[in-house]
Participant: 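This is the structure I want to talk about, given as structure tokens.
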There are 2 protein chains.
Amino acid sequence: MNVTVRGQTRHHRTVAFDPASNAVRLIEQRLLPHQFQIVATRDYSETARAITDMVVRGAGAIGATAAYGLAQGARAFRGGDLKKFSRHVATVYHTLATARPTAVDPVNALNTVRAAMRAGETVAEQQALALAAAEEFAHEDVQHCAAIGRHGAKLIRNGMRVLTHCNAGWLGFVDIGSATAPLYAAQAQGRKFHVYCDETRPRSQGATLTAWELAQQKISHQIIADNAAGHLMQRGEIDLVIVGSDRTLGRTGEVANKIGTYTKAVLAARHQIPFYVAIPLSTIDWKLKRGFDIPIEDRHAEEVLGAWGVTRSGKREFIRVANPTSGARNPGFDVTPPELITGIITPAGIFKPGELSRRRCELGAAT
Amino acid sequence: MNVTVRGQTRHHRTVAFDPASNAVRLIEQRLLPHQFQIVATRDYSETARAITDMVVRGAGAIGATAAYGLAQGARAFRGGDLKKFSRHVATVYHTLATARPTAVDPVNALNTVRAAMRAGETVAEQQALALAAAEEFAHEDVQHCAAIGRHGAKLIRNGMRVLTHCNAGWLGFVDIGSATAPLYAAQAQGRKFHVYCDETRPRSQGATLTAWELAQQKISHQIIADNAAGHLMQRGEIDLVIVGSDRTLGRTGEVANKIGTYTKAVLAARHQIPFYVAIPLSTIDWKLKRGFDIPIEDRHAEEVLGAWGVTRSGKREFIRVANPTSGARNPGFDVTPPELITGIITPAGIFKPGELSRRRCELGAAT
């Protein structure tokens with residue numbers, strides 16, 4: 001999407017690849033919203049670390065980053081020994097696949113790229129195929145998000161107040177985003193609406209990233225504490241909820257997403273407010289049989305005990321908010337059951353969660 | 001309760017009065033948990049400002065502060081003209097009564113002190129009666145919290161995991177607290193349990209005050225993001241919820257408390273986890289007919305957009321977390337309906353929310 005820095009508006013993708021320097025170029029999301037900066041990772045380990053450290057985050061963006069990372073790792077190999085090359089690629093694959101354990105996107109992306117590479121008979125051919133497949137993966141991500149926007153825009157009527165949680169915006173993808181795609185599409189169609197962004201503690205991606213995105217696109221919005229949505233729903237001030245998903249179980253319709261998503265779904269159900277999940281096809285997991293088995297990252301306690309921001313003197317700082325002698329528990333994700341979900345907005349259309357398994361082919365499970 | 005500062009343990013009340021200097025002595029709660037400091041307000045306007053600015057907060061503590069503030073204001077009057085004195089007292093009353101619009105405690109406390117003053121026939125007598133009534137008010141607050149502890153302790157069994165929201169601890173009262181009273185009483189009876197403290201954004205009173213209290217009393221606890229409780233409940237890791245209340249409607253059993261309380265009640269009901277509200281009698285409002293009419297403070301957006309804490313170099317700072325060009329909405333309280341509340345723990349026993357109105361006399365509505 002477009003970013004305006006010092007009056008200059010330019011189009012940016014969240015993740016891109018520079019073949020000349022064999023570098024993955026990423027928007028450094030931990031500096032947002034206070035500073036807009038592009039970083040380049042020089043090798044696949046740096047790329048994996050960027051995923052782990054959340055320089056880049058969000059389903060589609062880490063998928064594309066992993067895909068580019070595999071191409072980057074493959075292209076760094078010198079020589080023509082296919083056996084050695086395969087072992088090297090396996091190491092690259094493993095490093096990238098384990099960078100974020102809860103997310104399924106990097107693994108899907110890596111599998112896509114690795115499958116494409118098999119058509120090559122030489123190291124050089126496989127290297128070229130890896131890059132082409134990664135570029136294709138990124139291109140499809142953009143196309144899928146655009147399709148989510150087309151389908152989801154129909155849900156947004158003039159005057160609506162829409163709640164979002166975390167950031168499933170264009171920063172979470174290569175471009176456009178999933179949960180934000182319907183907003184951007186509805187705006188393009190001239191509709192007026194208001195968005196409440198859940199702050200989304202402990203990492204505050206709603207207050208930092210989603211709010212930054214919406215401000216860049218001049219969409220009317222306000223940030224609320226994660227505690228406030230229940231009150232606003234009770235008073236009839238929220239009409240629609242759209243969130244993203246890190247992993248959706250194709251068999252059950254269960255949705256793993258940022259911690260707090262489940263709470264918003266419970267509240268929406270109580271107030272009969274439509275609760276939609278926007279997902280790219282790559283985040284559908286067709287294997288797992290129950291949401292309880294999705295591994296939930298227990299992240300650093302430090303995230304809960306303090307916050308990152310900018311001081312009055314303009315310095316980026318971590319502050320300790322909590323009592324210094326107390327610890328924290330920090331589950332990163334939760335699982336929302338299908339009965340709380342009104343619909344799942346996919347690039348192929350909007351489906352009930354229970355419909356996913358019947359539409360397996362349509363939803364690309366074969367690939 | 002006891003506070004340990006540099007190895008020295010001393011008993012402190014949250015609010016106290018120094019007759020010699022005619023000053024209200026308050027624990028400066030905005031500096032906690034990083035610094036323990038007592039401040040003294042020199043006149044009733046400073047006392048009212050301390051309530052508005054949340055130097056002191058919590059139902060019982062602001063009640064006692066208002067009571068002492070009225071005595072302080074009355075005692076500052078010079079001369080014997082009863083008519084002028086009455087006008088002066090009316091101004092003091094009004095200033096203190098409007099310091100926090102949502103809270104009913106200051107008004108109840110002020111009415112109690114003003115009623116006691118009427119028995120005095122001279123300015124000096126009324127001044128003395130004001131102070132005696134304020135001291136009695138504070139003493140009763142402590143006795144009520146102790147009684148809440150006795151009743152509530154029965155709910156806490158060995159090995160339980162208890163969720164709290166915000167701070168309805170001894171810092172919110174003159175001593176002991178309401179929601180924390182059962183914890184302190186159960187601990188005194190030798191029971192072992194674990195407490196999850198909701199961070200309670202935007203002001204983080206759970207992470208700062210409740211966690212500090214529990215750490216001082218050596219009760220096992222962890223802070224969680226407000227987003228995490230739903231997940232923990234879903235996984236069967238929370239057995240009991242105890243929260244406080246800023247205002248409870250005696251007629252309906254509705255509970256106004258810190259923003260986010262309603263959300264926790266909705267989640268607890270879904271998971272059939274007992275949800276208790278601990279209240280001192282002074283917070284019961286017998287007049288209002290429906291919770292919807294409770295005025296909900298819309299607090300400063302700034303609270304949602306950033307956080308107070310201590311930097312790595314030890315400096316107390318406000319940091320801006322959110323996107324600098326975004327605004328926020330910040331309702332301070334929400335209202336929980338009676339059907340979500342398992343029981344209300346009062347100094348007179350534990351009641352169903354619907355029982356309150358039938359037990360009006362027992363609950364001191366006559367006073």
Side-chain angles (χ1 to χ4, degrees), chain A residues 32-34 196-202 204 207-209 211-212 214-215 221-232 234 258-263 266-267 270 296 301 303-312 317-331 333-335, chain B residues 32-34 196-202 204 207-209 211-212 214-215 221-232 234 258-263 266-267 270 296 301 303-312 317-331 333-335:
Chain A
L32 285 174
H34 307 289
Y196 287 115
C197 306
D198 269 344
E199 175 183 25
T200 322
R201 284 281 296 159
S204 307
T208 56
L209 304 180
W212 179 82
L214 297 176
H221 69 286
Q222 280 171 308
I223 299 161
I224 57 171
D226 299 302
N227 282 320
H231 170 71
L232 295 178
Q234 197 187 35
K258 183 62 56 205
I259 191 77
T261 301
Y262 169 61
T263 294
V266 170
L267 287 167
R270 179 176 165 91
I296 303 292
E303 291 180 355
V304 176
L305 300 175
W308 279 99
V310 168
T311 64
R312 281 181 176 134
E317 281 256 30
F318 177 83
I319 53 163
R320 174 93 185 194
V321 173
N323 177 49
T325 56
S326 297
R329 206 162 145 203
N330 188 15
F333 298 87
D334 60 28
V335 178
Chain B
L32 286 175
H34 307 289
Y196 287 116
C197 306
D198 269 343
E199 176 183 25
T200 321
R201 285 281 296 158
S204 306
T208 56
L209 303 181
W212 179 82
L214 297 176
H221 69 286
Q222 280 171 308
I223 299 162
I224 57 171
D226 299 301
N227 283 319
H231 171 70
L232 295 179
Q234 197 186 34
K258 184 61 57 204
I259 192 76
T261 301
Y262 169 61
T263 294
V266 170
L267 287 167
R270 180 176 165 89
I296 302 293
E303 290 180 354
V304 176
L305 300 173
W308 279 98
V310 168
T311 64
R312 281 183 176 132
E317 280 256 29
F318 177 83
I319 53 164
R320 174 94 185 192
V321 173
N323 177 50
T325 57
S326 297
R329 207 163 144 201
N330 187 15
F333 297 87
D334 59 27
V335 178

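Worth saying up front: this structure is predicted, and the values here are computed from it rather than measured. Reminder, nothing fancy here: chain letters follow the sequence lines and each chain counts from 1.
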Participant: Could you pull out the closest heavy-atom pair between B:Ile319 and A:Gly309, with the gap in Å?
Facilitator: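 For B:Ile319 and A:Gly309, the tightest heavy-atom pair comes out as CD1-N, 3.4 Å.
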Participant: Do the non-hydrogen side-chain atoms of B:Arg320 and A:His34 ever get within less than 4.5 Å of each other?
Facilitator: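 Of all side-chain heavy-atom pairs linking A:His34 with B:Arg320, at least one is under 4.5 Å.
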Participant: Please give me the minimum heavy-atom distance between A:Trp212 and B:Asn323, naming the atom from each residue.
Facilitator: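 That would be CD1-OD1, 3.4 Å.
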Participant: Please find the pair of heavy atoms, one from B:Ser326 and one from A:His221, that lie closest to each other, and give the distance.
Facilitator: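 So the minimum-distance heavy-atom pair works out to OG-NE2, 2.6 Å.
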Participant: If you tally heavy-atom pairs under 4.5 Å against chain A, which of B:Gln222, B:Arg329, B:Lys258 wins?
Facilitator: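 So the answer, after comparing B:Gln222, B:Arg329, B:Lys258, is B:Arg329.
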Participant: Please state whether the side chain, the backbone, both or neither of A:Leu209 comes within less than 4.5 Å of a heavy atom of chain B.
Facilitator: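 Interface part for A:Leu209: neither.
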Participant: Side chain, backbone, both or neither: which part of A:Leu305 has a non-hydrogen atom closer than 4.5 Å to chain B?
Facilitator: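 The side chain, not the backbone.
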Participant: Just wondering, do B:Glu199 and A:Arg201 contact through their side chains at under 4.5 Å, heavy atoms?
Facilitator: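 In contact.
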Participant: Please flag which part of B:Tyr262 lies under 4.5 Å from any non-hydrogen atom of chain A: side chain, backbone, both or neither.
Facilitator: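 For B:Tyr262, the side chain is the part near chain A, not the backbone.
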Participant: Please flag which part of A:Tyr196 lies under 4.5 Å from any non-hydrogen atom of chain B: side chain, backbone, both or neither.
Facilitator: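 Side chain only.
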Participant: Is A:Pro331 close to chain B through its backbone or its side chain, or both, or neither, when contacts mean heavy atoms under 4.5 Å?
Facilitator: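 Side chain only.
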Participant: Does any part of the side chain of A:Ile259, heavy atoms only, come nearer than 4.5 Å to the side chain of B:His231, both counted from C-beta?
Facilitator: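 B:His231 reaches A:Ile259 side chain to side chain.
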Participant: Please give me the minimum heavy-atom distance between A:Thr325 and B:Ala215, naming the atom from each residue.
Facilitator: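 Looks like OG1-CB, 3.4 Å.
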Participant: State whether the side chain of B:Gln234 and the backbone N or O of A:Val335 hold a donor-acceptor pair below 3.5 Å, judged by distance alone.
Facilitator: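 Yes; at least one donor-acceptor contact below 3.5 Å.
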Participant: Between A:Ser204 and chain B, which part of the residue has a heavy atom less than 4.5 Å away: side chain, backbone, both or neither?
Facilitator: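 For A:Ser204, the contact with chain B is made by the side chain alone.
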Participant: Could you tell me which of A:Asp334, A:Asn227, A:Val321 has the largest number of non-hydrogen atom pairs under 4.5 Å with chain B?
Facilitator: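 The candidate making the most pairs under 4.5 Å is A:Asn227.
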Participant: Count the heavy-atom pairs under 4.5 Å between each of B:Val304, B:Val310, B:Thr208, B:Asn330 and chain A, then report the option with the highest count.
Facilitator: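 Option with the greatest count: B:Val310.
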Participant: Identify which part of A:Ile296 has an atom lying under 4.5 Å from any heavy atom of chain B, answering side chain, backbone, both or neither.
Facilitator: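 For A:Ile296, the side chain is the part near chain B, not the backbone.
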